[in-house]
Novice: 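Pasting a structure here, questions to come.
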Protein chains: 2
Amino acid sequence: MIEATIYKALGDPIRLEIVKRLSVTSTSTVGDISTNLGITRQGARKQLQVLVNANVVHLEQCGRQTQVSLNTKTLQIAQSFISQLERKWDNRLEALKNYVEASD
Amino acid sequence: MIEATIYKALGDPIRLEIVKRLSVTSTSTVGDISTNLGITRQGARKQLQVLVNANVVHLEQCGRQTQVSLNTKTLQIAQSFISQLERKWDNRLEALKNYVEASD
DNA sequence: CATTAATGCAACCAATTGGTTGCATTAATG
DNA sequence: CATTAATGCAACCAATTGGTTGCATTAATG
C-alpha cells in the first residue's frame, strides 16, 4: 500500500501550499519556495523533503542553488486512482439499483 | 487550506484500504469494514472516524449496526484539484517554452 | 580573496497520531 | 427475558511529525 504516501505528502497545509506555488510560479529555487510560509527555511526544507520522498517534487542542484520542479507523473497516478474509486463505487450503486429493480 | 484534510485522510495505508474496500463491496457495516485490517475493531473504528471527519465517508445508524458509504463528492473535489495542479504546471511549461523559442 | 548568499544537516522538543485494553450500551434472537 | 451481536467511548502509550535553533559548507561576487 505504497499509494498512501502520495496522499500523505499532500495532506499537510504547508506542503500543499508548496505544491500550489510550484504549479504557478516559474522561478522556483528552494529558497524562493521556502519564504513566506510562516515557518523557518529549515522547517520548510523538511516539508519539501517529504514531497521529494513521495516523488511529488524533484530537486536539481544548480550551482549554489537548488531548483524545484513538480513531478506531474506522480500527481497523475494519484488523480487517476481517485477517479477509479469513484467509478467503482458508481458501478456498485448501479448494480445494486438493477438488482432491486429486477426483484420488483 | 482545509483541502489538505482530504489528502491527509487518504494518506494512511489502513484508511486507504478501507476506502478501497468500500468502493467494491456492497455490504458495508462498520463491523464488516473493520475486520481483517490487522488491527483491532476499535482501532479500525478510529481510522474510520478520520474518514468521516474529512467527509470522505458517511455513516448511517440502522438498528444495532452502522452502515458505511463513500462520499463521491468529496473524492471528486480531491481529484479535480489534483488535475488542476497538473494543468497549471503544464501551462507554465508551455509558456516557458514559447518564451524561449521567441527569444531564439 | 574576504564576504555574502544559498543551502544542508543534526539535535532537540512539544503535539499529534495510530494503536491498544477495558469497559458500557443498546438492538436482535432463541 | 436472558443472551449475544454490533457497536461506541475513554484512558493510556509508544512512535511519528512538524517545527525550532545552531551550526557547517560551498558557490558567487565586489
Side-chain angles (χ1 to χ4, degrees), chain A residues 1-22 25-70 74 78, chain B residues 1-22 25-71 78:
Chain A
M1 220 93 42
I2 305 162
E3 296 156 309
T5 60
I6 306 178
Y7 303 112
K8 191 171 185 180
L10 297 177
D12 172 89
I14 289 199
R15 289 196 295 264
L16 199 55
E17 173 65 21
I18 290 176
V19 170
K20 278 187 194 173
R21 287 191 187 182
L22 272 173
T25 314
S26 329
T27 58
S28 43
T29 70
V30 166
D32 274 348
I33 287 270
S34 301
T35 52
N36 291 108
L37 286 172
I39 60 175
T40 59
R41 176 187 56 80
Q42 292 92 325
R45 179 55 233 253
K46 278 185 77 175
Q47 296 304 145
L48 192 55
Q49 189 60 42
V50 175
L51 291 170
V52 170
N53 293 342
N55 237 305
V56 174
V57 137
H58 176 252
L59 300 184
E60 196 172 357
Q61 197 73 19
C62 294
R64 77 176 151 178
Q65 56 190 10
T66 306
Q67 216 67 25
V68 188
S69 54
L70 264 191
T74 304
Chain B
M1 219 94 40
I2 305 162
E3 295 156 309
T5 60
I6 306 176
Y7 302 112
K8 192 171 186 182
L10 297 176
D12 172 270
I14 289 197
R15 289 195 296 263
L16 198 56
E17 173 66 21
I18 290 176
V19 170
K20 277 188 194 174
R21 286 190 187 182
L22 271 174
T25 315
S26 331
T27 57
S28 43
T29 71
V30 165
D32 275 348
I33 287 272
S34 300
T35 51
N36 292 108
L37 287 172
I39 59 175
T40 60
R41 176 186 57 79
Q42 292 92 326
R45 180 54 234 251
K46 278 186 76 175
Q47 296 305 145
L48 193 55
Q49 189 60 41
V50 175
L51 292 170
V52 170
N53 293 341
N55 237 304
V56 174
V57 138
H58 176 251
L59 301 183
E60 196 171 359
Q61 198 72 20
C62 294
R64 76 176 152 177
Q65 57 192 8
T66 306
Q67 215 68 25
V68 188
S69 54
L70 264 193
N71 192 340

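In the text below, chain A, chain B and the rest are named by the order of the sequence lines, each starting its count at 1.
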Novice: Which nucleotide in the set D:dC9, D:dG18, D:dC23 lies at the smallest distance from any side-chain heavy atom of A:Asp12?
Specialist: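 So the nucleotide nearest the side chain must be D:dG18.
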Novice: To the nearest Å, give me how far apart CD1 (A:Ile14) and C1' (D:dG19) are.
Specialist: 9 Å
Novice: Of the nucleotides C:dT7, D:dT17, D:dG19, which one has an atom closest to the side chain of A:Gln47?
Specialist: D:dG19
Novice: So which atom in A:Cys62 and which in A:Gln67 form the shortest heavy-atom distance, rounded to 0.1 Å?
Specialist: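 Of all heavy-atom pairs spanning A:Cys62 and A:Gln67, the closest is SG-CB, 4.3 Å.
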Novice: Distance check needed: D:dC9 C1' versus B:Lys46 NZ, whole Å only.
Specialist: 11 Å
Novice: Which is more 5' along DNA chain C, the nucleotide nearest A:Leu59 or the one nearest B:Gly38? Just name the residue.
Specialist: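 Result: A:Leu59.
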Novice: Separation of A:Glu60 atom CD from C:dG8 atom C1', in whole Å?
Specialist: 18 Å
Novice: By nearest atom, which of the nucleotides D:dG18, C:dG8, C:dT21 is closest to the B:Thr40 side chain?
Specialist: C:dT21
Novice: Main chain of A:Asn55, side chain of A:Thr74: is a donor-acceptor contact present, judged purely on distance under 3.5 Å?
Specialist: yes
Novice: Identify the two heavy atoms, one from A:Ala78 and one from A:Ile6, that lie closest to each other, and give their separation to 0.1 Å.
Specialist: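 Shortest heavy-atom contact: CB-CG2, 3.7 Å.
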Novice: Write down the distance between CG (A:Leu48) and C1' (C:dT7), rounded to a whole number of angstrom.
Specialist: 12 Å
Novice: Quick one: A:Glu17 CD to D:dG18 C1', roughly how many Å, whole number?
Specialist: 17 Å
Novice: With the side chain of B:Thr29 defined as its heavy atoms from C-beta on, choose the nearest nucleotide among D:dT7, D:dT20, C:dA27.
Specialist: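 Closest of the options to the side chain of B:Thr29: D:dT7.
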Novice: Might you point out which heavy atoms bring A:Ile14 and A:Leu37 nearest each other, and give the distance in Å?
Specialist: CD1-O, 3.9 Å
Novice: Which is true for A:Gly43 with a 4.0 Å heavy-atom rule: it touches a base, it touches only sugar-phosphate, or it touches nothing?
Specialist: base
Novice: Want to settle it: does A:Gly63 or B:Val30 sit nearer the 5' end of DNA chain D, counting the closest nucleotide to each?
Specialist: B:Val30
Novice: Look at the side chain of A:Arg45 and decide which nucleotide, out of C:dG8, C:dT21, D:dT4, has an atom nearest to it.
Specialist: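 Per side-chain heavy atoms of A:Arg45, the pick is C:dG8.
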Novice: Among D:dT21, D:dT7, D:dG19, find the nucleotide with the atom closest to the side chain of B:Thr66.
Specialist: D:dT7
Novice: Between P on C:dA15 and CD1 on A:Ile39, what's the gap in Å once rounded to a whole number?
Specialist: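 Answer to the nearest Å: 17 Å.
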Novice: How many whole angstroms separate atom CZ of B:Arg41 from atom C1' of C:dA24?
Specialist: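 About 12 Å, once rounded to whole Å.
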Novice: Which of these nucleotides, D:dT29, D:dA6, D:dG8, is closest to any side-chain atom of A:Arg64?
Specialist: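 When the side chain of A:Arg64 is considered, D:dT29 is the closest of D:dT29, D:dA6, D:dG8.
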Novice: Of all heavy-atom pairs between B:Pro13 and A:Ala4, which one has the smallest distance, and what is that distance?
Specialist: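 Of all heavy-atom pairs spanning B:Pro13 and A:Ala4, the closest is N-CB, 3.7 Å.
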Novice: Using purine N1 to pyrimidine N3 plus N6-O4 or O6-N4 for Watson-Crick, or N1-O2 and O6-N3 for G-U wobble, each under 3.5 Å, what pairs with D:dT26?
Specialist: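 D:dT26 is paired with C:dA5.
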Novice: Would you name the heavy atoms of A:Asp32 and A:Arg21 that are closest together and state the gap between them?
Specialist: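 Closest approach of A:Asp32 to A:Arg21: O-NH1, 4.3 Å.
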Novice: Does the structure show a Watson-Crick or G-U wobble partner for C:dG18, both distances under 3.5 Å? Name it, or say none.
Specialist: D:dC13
Novice: Rounded to the nearest Å, what distance is computed from the CD atom of residue B:Gln49 to the C1' atom of nucleotide C:dT17?
Specialist: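 One finds 15 Å between C1' of C:dT17 and CD of B:Gln49, rounded.
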Novice: Which nucleotide in the set C:dG8, C:dC23, D:dG18 lies at the smallest distance from any side-chain heavy atom of A:Gln42?
Specialist: C:dG8
